[in-house]
Amino acid sequence: MPELPEVEVTRRGVAPHIEGQTVTEVVLRRSGLRWPFPLELSSHLSGQIIRGTGRRGKYLLIHFDHGTLIVHLGMSGNLRILPLATIPKKHDHFDLVVGQQLMRMNDARRFGAVLWHPTGDGPLAEHVLLAKLGLEPLEDIFSGEILYQQTRNRSAPIKQVLLAGDIVVGVGNIYACESLFEAGINPKTAAHRIGKVRYSKLAGAIRDILGRAIEKGGSTLRDFVGADGRSGYFQQSYFVYDRAGEPCRVCGLLIEQIKQGQRSTFYCKSCQK
DNA sequence: AGCTTCTCCTGCGAGC
DNA sequence: TGCTCGCAGGAGAAGC
């Protein structure tokens, strides 16, 4: 499941192949994913030059002079750069043909999205899907102090506040569990009951874990395929995620699995208070 | 406003 | 072998 590191690795993977290139064709093999594909996408993009790429949270951004293509990989999506005329496989839904290659999106579970934001609609940051996103965890402004300030009115468990994405973006289920372990915080703790010192540890843990994952080239998850077609899945060893009933790598106590908001949470009762 | 639950979808593994 | 069932999850939508 792509979390922030996988999206960033994907962006870095496709960028050198598409930036500065002219789009010659757009191929849509179904009417949409999570939402319908934009009408007239092909006429919007054909003949236009890709000026650059970016990322906001887990949204991948492809910039043109007259607008931005917003791509979300959902939880099973990936982008790959392939030779022209590569036969599409099951769940290959969308191609952007650029020069002698194509950028192809595959998304089995179809939770992904492709949207178009015309420059004339105002600043991209004000797009309805981007406007309420929290801070980028890898930017300098993200800190324990900010986490502390932003959680004073949040009584929900810290794990769910992290996943909500309105304070900090890009932290999905795996990295939320791992970050809370590294910071020694019980995932059930009400966010407003955590102090500055512990938030400082948490901010550092999030930054370290996401940064390391990007360096490694993405996640370890089954669905992710790197932009060059090799698996982006590194069997990194998690401390808690998906380790229910196995011994904690620090203290040896067995890792617990609970449900929070219909999502599995893994943690060590002894190391996380 | 914030919290919780529901929902979309397919692939996979367990159990029979 | 083939079936059914439960689970996985990002995040918007809806109800409170």
Side-chain angles (χ1 to χ4, degrees), chain A residues 1-11 29-37 55-61 70-79 88-94 105-115 117 126-137 147 149-179 187-194 206 210 213 218-225 231-233 238 240-245 255 257-266:
Chain A
M1 303 83 216
E3 297 192 25
L4 185 150
E6 291 75 30
V7 178
E8 180 61 20
V9 168
T10 296
R11 187 193 68 75
R29 297 192 184 79
R30 57 180 306 115
S31 60
L33 296 171
R34 178 168 190 168
W35 297 291
F37 289 130
R55 180 186 56 75
R56 180 70 177 99
K58 296 173 190 168
Y59 292 93
L60 185 65
L61 309 172
I70 302 172
V71 178
H72 197 292
L73 299 177
M75 63 157 284
S76 57
N78 64 70
L79 296 178
K89 295 182 179 164
K90 194 175 183 184
H91 307 307
D92 282 342
H93 307 305
F94 167 76
M105 180 181 191
N106 180 286
D107 183 10
R109 269 158 270 190
R110 305 212 299 267
F111 285 7
V114 176
L115 299 167
H117 176 80
E126 292 173 17
H127 186 280
V128 61
L129 293 178
L130 307 182
K132 291 180 180 164
L133 295 181
L135 295 174
E136 287 291 331
L147 281 180
Q149 287 170 13
Q150 299 282 305
T151 50
R152 291 310 84 198
N153 60 342
R154 304 292 288 266
S155 59
I158 180 61
K159 159 87 178 319
Q160 287 170 264
V161 169
L162 288 177
L163 289 182
D166 56 338
I167 296 179
V168 58
V169 295
V171 184
N173 205 36
I174 297 172
Y175 297 128
C177 291
E178 293 295 305
S179 301
K188 292 187 283 191
T189 311
H192 64 181
R193 296 182 57 180
I194 297 172
I206 290 170
L210 295 184
S219 109
T220 58
L221 273 194
R222 25 187 104 89
D223 297 332
F224 179 70
V225 177
S231 174
Y233 157 10
Y238 294 130
V240 290
Y241 183 78
D242 206 22
R243 297 196 63 240
I255 299 299
Q257 177 173 3
I258 59 173
K259 285 282 184 192
Q260 293 182 286
Q262 351 285 109
R263 292 288 175 264
S264 288
T265 295
F266 302 87

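Below, chain A is the first sequence line, B the second, and so on; all start at residue 1. These numbers were taken from a predicted model, which means no experiment stands behind them.
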Query raised in the report: Asn173(A) CG to dG10(C) C1': how many Å, rounded?
Result: 10 Å
Report task. Return yes if a side-chain donor-acceptor contact under 3.5 Å exists between Asn173(A) and Lys159(A), otherwise no. Result -> yes
Report task. Output yes when at least one side-chain N/O atom of Ser76(A) is less than 4.0 Å from OP1 or OP2 of dG9(C), else no. Result -> no
Query raised in the report: What are the two closest non-hydrogen atoms of Leu163(A) and Gly172(A), and how far apart are they?
Result: CD2-C, 3.4 Å
Query raised in the report: Rounding to a whole Å, what distance do you find between Tyr59(A):OH and dG10(C):C1'?
Result: 8 Å
Query - Length of the CD-C1' vector between Gln262(A) and dG10(C), whole Å - result: 14 Å
Query - Whole-Å gap separating P (dC3(B)) and NZ (Lys132(A)) - result: 15 Å
Query raised in the report: Counting only side-chain N and O atoms of His72(A), is one of them less than 4.0 Å from OP1 or OP2 of dG12(C)?
Result: no
Query raised in the report: Just to confirm, is there a sub-4.0 Å distance from OP1 or OP2 of dC3(B) to any side-chain nitrogen or oxygen of Arg154(A)?
Result: yes
Query raised in the report: Could you state the CZ-C1' distance from Phe266(A) to dG9(C), rounded to the nearest angstrom?
Result: 12 Å
Query raised in the report: Which part of the nucleic acid, if any, lies within reach of Arg110(A) when heavy atoms closer than 4.0 Å are counted: base, sugar-phosphate only, or nothing?
Result: sugar-phosphate
Report summary line: Against the side chain of His91(A), the closest entry in dT5(B), dA11(C), dT10(B) is dT10(B)
Query raised in the report: Can Leu129(A) and His72(A) be said to form a side chain to side chain contact (heavy atoms under 4.5 Å, CB included), step by step?
Result: CA-CA 11 Å; Leu129(A) 293 178; His72(A) 197 292; over 6 Å; no
Query raised in the report: Base, sugar-phosphate, or nothing: which does Gln260(A) touch, judged by heavy atoms less than 4.0 Å apart?
Result: nothing
Query raised in the report: Should Tyr175(A) be listed as having a side-chain N or O under 4.0 Å from OP1 or OP2 of dG9(C)?
Result: no
Query raised in the report: Is there a side-chain polar atom (N or O) of Tyr241(A) under 4.0 Å from OP1 or OP2 of dG9(C)?
Result: yes
Query raised in the report: Rounded to the nearest Å, what distance is computed from the CZ atom of residue Arg263(A) to the P atom of nucleotide dC3(B)?
Result: 18 Å
Requested in this report: Quickly work out the Tyr238(A) OH to dA8(C) C1' distance and round it to whole Å.
Outcome: 13 Å
Query raised in the report: For dA8(C), does OP1 or OP2 lie under 4.0 Å from any side-chain N or O of Gln257(A)?
Result: yes
Query raised in the report: Are Ser264(A) and dA8(C) close enough that a side-chain N or O sits under 4.0 Å from OP1 or OP2?
Result: yes
Requested in this report: For Arg29(A), check salt bridge (Lys or Arg N to Asp or Glu O under 4.0 Å) against everything at least two apart and list the hits.
Outcome: Asp95(A)
Query raised in the report: Phosphate oxygens OP1/OP2 of dA8(C): is one of them under 4.0 Å from a side-chain N or O of Lys259(A)?
Result: yes
Query - Heavy-atom check, side chain of His91(A) versus side chain of Asn106(A), under 4.5 Å - result: yes
Query raised in the report: Does the side chain to side chain contact (heavy atoms under 4.5 Å, CB included) test come out yes or no for Arg55(A) and Thr10(A), once each step is laid out?
Result: CA-CA 10 Å; Arg55(A) 180 186 56 75; Thr10(A) 296; over 6 Å; no
Query raised in the report: Within the pair Asn153(A) and dG2(B), is there a side-chain N or O less than 4.0 Å away from OP1 or OP2?
Result: yes
Query raised in the report: With a 4.0 Å cut-off on heavy atoms, is Leu163(A) in touch with a base, just the backbone sugar-phosphate, or nothing at all?
Result: nothing
Query raised in the report: Which part of the nucleic acid, if any, lies within reach of Lys90(A) when heavy atoms closer than 4.0 Å are counted: base, sugar-phosphate only, or nothing?
Result: sugar-phosphate
Report summary line: Nearest-nucleotide check on DNA chain B, Pro157(A) vs Arg34(A); residue mapping nearer the 5' end is Pro157(A)
Query raised in the report: Does Arg109(A) make a side-chain N or O approach to OP1 or OP2 of dA8(C) shorter than 4.0 Å?
Result: no
Query raised in the report: So, do Phe111(A) and dG10(C) meet the stacking rule of ring centres under 5.5 Å and planes under 30°?
Result: yes
Query raised in the report: With respect to the side chain of Ala156(A), which nucleotide from dG9(C), dG12(C), dC3(B) is positioned closest?
Result: dC3(B)
Report summary line: note: Asn78(A), atom CG; dG11(B), atom P; distance rounded to Å ~ 13 Å
